[in-house]
Amino acid sequence: MREYRYMEKPFASSQPELFSRVDDYSVDNASAAASEGLVFTTLDNAVNWARKNSIWPMTFGLACCAIEMMSMSASRFDIARFGAEVFRGSPRQSDLMIIAGRVSQKMAPVIRHLYQQMPEPKWAISMGACATSTGVFNNYALIPVNQVIPIDVFVPGCPPRPEQLIYALMLLQQKIQDQSGTVKQVLNLG
């Protein structure tokens, strides 16, 4: 009959003891792993974890949504806890483009050019109703940004609150974490 140690001691006093209750058949191995500080994961998960926690956005404020984007990085909302506080002015140093505002026919080639200058991997967030679907300014001069560059996350609203942009950043982080074949892409094997 198997001995159940977790009934005798309801609370773990140390990390190896917690492992021993979860994994009764390998108490010695669990204690050794806990004392050595070993972490088991795949290389894809480790690379994706590093990417999702160090996103460097490029500021691209085109209209009133840019005010909300700026307030997102202020102390009240603090996107530094997501690893995205380093706003870059150069596309060569950023991996996330946040398009905040109206996209005109004249601005579309500029957006495409800047997006092409960004290093891989790169992502884009469309912020606000104007960038997503031209919003209330539905005329010949404006186009939706997804006709110019590929968009990963759309943020609705006019203007959207900073909390919505933070949620979009969290969705993007989840998308980055769930990617597969990251190591093959890094090594140009796939």
Side-chain angles (χ1 to χ4, degrees), residues 43-137 142-183 185-186 188:
L43 197 52
D44 271 352
N45 280 341
V47 171
N48 289 340
W49 175 82
R51 281 182 177 175
K52 84 170 191 169
N53 289 315
S54 62
I55 295 175
W56 287 3
M58 180 176 64
T59 55
F60 207 80
L62 299 172
C64 48
C65 290
I67 304 299
E68 302 296 324
M69 181 178 64
M70 286 183 262
S71 66
M72 178 190 66
S73 62
S75 60
R76 183 173 183 179
F77 300 104
D78 188 28
I79 61 166
R81 56 196 161 137
F82 299 104
E85 75 274 9
V86 184
F87 274 92
R88 295 294 183 180
S90 169
R92 291 180 178 90
Q93 297 174 349
S94 59
D95 51 10
L96 170 66
M97 181 184 274
I98 302 174
I99 291 100
R102 302 180 297 272
V103 178
S104 65
Q105 296 279 359
K106 285 179 126 180
M107 188 56 74
V110 175
I111 291 173
R112 185 178 302 114
H113 184 69
L114 289 174
Y115 185 77
Q116 289 171 348
Q117 287 181 348
M118 292 169 59
E120 291 288 340
K122 55 189 169 186
W123 302 281
I125 292 178
S126 173
M127 181 178 177
C130 293
T132 302
S133 65
T134 69
V136 296
F137 306 103
L142 302 179
I143 58 171
V145 73
N146 64 342
Q147 293 180 6
V148 181
I149 61 172
I151 299 295
D152 294 295
V153 181
F154 292 93
V155 182
C158 182
R161 297 272 310 143
E163 293 94 344
Q164 288 175 273
L165 188 54
I166 289 173
Y167 182 66
L169 185 65
M170 291 169 58
L171 288 176
L172 182 65
Q173 285 181 327
Q174 186 62 43
K175 183 177 182 177
I176 294 168
Q177 184 64 49
D178 294 341
Q179 285 180 345
S180 61
T182 306
V183 175
Q185 290 174 353
V186 169
N188 274 339

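Remember, predicted model here, so these are calculated numbers, not experimental data.
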| Gln177 and Asn45, any side-chain heavy atoms less than 4.5 Å apart | yes
| query | Does atom CZ of Arg92 have more than 12 heavy-atom neighbours from other groups under 6.0 Å away? | reply | no
| message | When you measure from the side chain of Glu85 to the backbone of Asp78, do you find a donor-acceptor pair of N or O atoms at a distance under 3.5 Å? | response | no
| query | How long is the span from the CD1 atom in Ile143 to the CD atom in Gln105, to the nearest 0.5 Å? | reply | 5.0 Å
| Quick one: does Asp44's side chain have a donor or acceptor within less than 3.5 Å of a partner on Thr182's backbone? | yes
| task | Measure the shortest side-chain to side-chain distance between Pro160 and Met127 over non-hydrogen atoms and say whether it is less than 4.5 angstrom. | result | yes
| Pro119 backbone acceptor or donor facing Asp95 side chain under 3.5 Å | no
| request: Search all heavy atoms of Ala168 against all heavy atoms of Val153 and return the closest pair with its distance. | output: CB-CG1, 3.6 Å
| task | For the pair Thr132 (side chain) and Gly128 (backbone), establish whether a donor and an acceptor sit closer than 3.5 Å, ignoring hydrogens and angles. | result | yes
| request: Might you point out which heavy atoms bring Tyr115 and Trp123 nearest each other, and give the distance in Å? | output: CE1-O, 4.3 Å
| message | If you compare all heavy atoms of Met69 against all heavy atoms of Gly61, which two are closest, and at what distance to 0.1 Å? | response | CE-N, 4.1 Å
| Flag side-chain contact, heavy atom, 4.5 Å: Arg112 against Val148 | yes
| Close side-chain approach of Asp152 to Lys175, heavy-atom, < 4.5 Å | yes
| Considering only heavy atoms from C-beta outward, does the side chain of Ile55 approach that of Ile176 to under 4.5 Å? | yes
| Expected output: side-chain Gln173 to main-chain Phe82 donor-acceptor under 3.5 Å | yes
| task | State, to 0.1 Å, how close Phe154 and Pro156 come at their nearest heavy-atom pair, and which atoms those are. | result | O-CD, 3.7 Å
| query | Short question: side chain of Ser71, backbone of Glu68 - any donor-acceptor pair under 3.5 Å? | reply | yes
| field | Glu120 vs Gln185 side-chain heavy atoms within contact, under 4.5 Å | value | no
| query | If every non-hydrogen atom of Ile111 is compared with every non-hydrogen atom of Phe60, which pair is closest and at what distance? | reply | CG1-CE2, 3.3 Å
| note | In short, Pro57 meets Ile98 closest at the heavy-atom pair CB-CD1, 4.0 Å
